[in-house]
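Here is the structure we will look at, set down as structure tokens.
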Amino acid sequence: MSNRITLIGLGAMGRAMAATWATAGHEVTVWNRTQGRARDLDVHEAATPEEAVEASELVVVCVLDYEATYAVLPPGSLAGRTVVQLTTGTPNQAREMATWVTGHGASYVDGGVMATPPLVGRPGALVFYSGEKQAFHTSEPALTALGEARYVGEDPGRAALYDLALLSAMYGMFGGIDHALALGASEHIPAPELLPMVHDWLRAMLRAVPPDLDPEVEYASLRMQAANYGTLLTASREQGVRTDLVAPMGELLHRAVAAGPGHSLPDLLAVRS
Ligand SMILES: NC(=O)c1ccc[n+]([C@@H]2O[C@H](COP(=O)([O-])OP(=O)(O)OC[C@H]3O[C@@H](n4cnc5c(N)ncnc54)[C@H](OP(=O)(O)O)[C@@H]3O)[C@@H](O)[C@H]2O)c1
């Protein structure tokens, strides 16, 4: 594959990708719904999506959502291309798009970006990919410039699932941090004082829950955790802090205690048909 890359979408993430590829020496053609966003980048801005797609075999999309992707990708120009979709979506959206793209004669790889724009191209940036294996390997040298390119399987929906699973862990953590800051604020403890403690505590807790944790060993009983969690909720109400972000965890802990041994919390979250 040549070193040409077409990128559709120049939002915060697309601009970081375009700049990274340009710096790495790729010949980058871009198109964005609002023109002019490439002025400060060392890339060629195409006048139409058709012109952009026709410029490179590798076509990367990074727009707001899948609806926007369908709106911008010109189906008549896709034949013979590899489309790499780096827009966040659901596994089903990825599978549907794979069918749509391959139906127009192109190869399809879906991706989930685990980085913020300033992290793109730097150590720690990770992108999950899934879909057509050969197309991924052919595009891999270009994709690796964005960060570690981790291929997770031929099912095009798989990368989205990993992406959203990690995102849900992140938002759960952010929700907890927001609640912690609100509790602190209820007694005029400023965020800059509390945040370093939150960081240290989370790091210590991550060490206490190693990746190879034995689920059979009970480090802290669920009954104790449910009781402690009740205290956290009561204290929050007493301090005038809403419990919207944290209350569902309390309900889950009570369900786990009621269900008895052998029921993990993730198990209890599964909706059974
Ligand atoms: N930013 C992050 O930290 C981050 C991290 C991981 C993954 N992502 C994912 O990367 C994708 C892009 O995020 P972003 O931060 O770049 O978002 P953004 O800054 O809000 O940019 C959105 C992009 O989508 C385009 N767009 C929106 N609606 C459109 C439509 N109906 N038709 C055509 N183009 C449309 C916008 O074009 P205009 O310029 O014309 O509005 C712009 O290029 C998202 O799926 C996001 O989940 C972002």
Side-chain angles (χ1 to χ4, degrees), residues 5-22 28-41 43-53 55 58-78 83-98 100-101 108-131 139 142-150 152 156-175 177-178:
I5 300 174
T6 285
L7 173 67
I8 309 273
L10 284 181
M13 184 51 85
R15 281 177 52 80
M17 290 174 178
T20 302
W21 277 318
V28 186
T29 300
V30 299
W31 184 84
N32 189 59
R33 178 181 61 175
T34 306
Q35 292 277 290
R37 298 209 65 200
R39 269 191 211 112
D40 57 333
L41 299 172
V43 299
H44 168 67
E45 186 163 13
T48 64
E50 287 79 3
E51 183 196 326
V53 167
L58 176 58
V59 176
V60 178
V61 185
C62 188
V63 290
L64 184 66
D65 54 21
Y66 274 62
E67 206 179 314
T69 305
Y70 285 109
V72 296
L73 266 188
S77 307
L78 295 181
V83 173
V84 177
Q85 164 69 310
L86 294 184
T87 302
T88 306
T90 71
N92 281 343
Q93 284 177 322
R95 292 178 192 123
E96 281 162 20
M97 178 141 286
W100 185 81
V101 165
Y108 185 76
V109 175
D110 200 276
V113 181
M114 310 313 302
T116 55
L119 262 183
V120 169
R122 294 180 186 278
L126 163 70
V127 185
F128 291 117
Y129 295 95
S130 62
S139 316
L143 299 176
T144 301
L146 301 180
E148 182 193 336
R150 197 177 299 176
V152 291
R158 185 52 73 101
L161 193 81
Y162 281 96
D163 178 3
L164 296 173
L166 295 202
L167 264 188
S168 72
M170 181 192 84
Y171 276 113
M173 180 183 74
F174 283 174
I177 293 174
D178 289 333

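For ligands, and for the atoms within them, numbers begin at 1 and follow the listed sequence. Bear in mind that the values here come from a model prediction, so they are computed numbers and not experimental data.
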Next on the checklist: Measuring only between side-chain heavy atoms, which start at C-beta, is L58 closer than 4.5 Å to V83?
Outcome noted: no

Checklist entry - Given the rule in the side chain to side chain contact (heavy atoms under 4.5 Å, CB included) test, do M97 and Q93 qualify, once you have shown the distances and angles that lead to the verdict? => result CA-CA 6 Å; M97 178 141 286; Q93 284 177 322; over 6 Å; no

Checklist entry - Quick one: salt bridge (charged side-chain N to carboxylate O under 4.0 Å, His left out) partners of R158, sequence neighbours excluded? => result none

What are the atom names and distances for all N or O pairs under 3.5 Å between ligand 1 and the protein?
unit_1   : atom_1 : unit_2 : atom_2 : d
ligand 1 : 16 (O) : A12    : N      : 3.1
ligand 1 : 16 (O) : M13    : N      : 2.9
ligand 1 : 19 (O) : A12    : N      : 2.9
ligand 1 : 24 (O) : L64    : N      : 3.0
ligand 1 : 31 (N) : R33    : NH1    : 3.4
ligand 1 : 39 (O) : N32    : ND2    : 2.9
ligand 1 : 40 (O) : R33    : NE     : 3.0
ligand 1 : 40 (O) : T34    : N      : 2.9
ligand 1 : 40 (O) : T34    : OG1    : 2.5
ligand 1 : 41 (O) : R33    : NH2    : 2.9
ligand 1 : 43 (O) : L10    : N      : 3.3
ligand 1 : 43 (O) : G11    : N      : 3.2
ligand 1 : 43 (O) : N32    : OD1    : 2.7
ligand 1 : 45 (O) : V63    : O      : 3.1
ligand 1 : 45 (O) : L64    : O      : 3.1
ligand 1 : 45 (O) : T88    : N      : 2.9
ligand 1 : 47 (O) : T88    : OG1    : 2.6

Would you tabulate the side-chain donor-acceptor contacts of residues 65-76 under 3.5 Å, counting partners in other chains and residues two or more places apart, or write 'none'?
unit_1 : atom_1 : unit_2 : atom_2 : d
D65    : OD1    : E67    : N      : 3.4
D65    : OD1    : A68    : N      : 2.9
Y66    : OH     : D110   : OD2    : 2.6
T69    : OG1    : D65    : O      : 3.0
T69    : OG1    : Q85    : NE2    : 3.0

Checklist entry - Is there side-chain contact between H44 and E51, with at least one heavy-atom pair below 4.5 Å? => result yes

Item to check | Inter- and intrachain pairs under side-chain hydrogen bond (donor to acceptor under 3.5 Å, both in side chains), touching residues 113-129, at least two apart | outcome: none

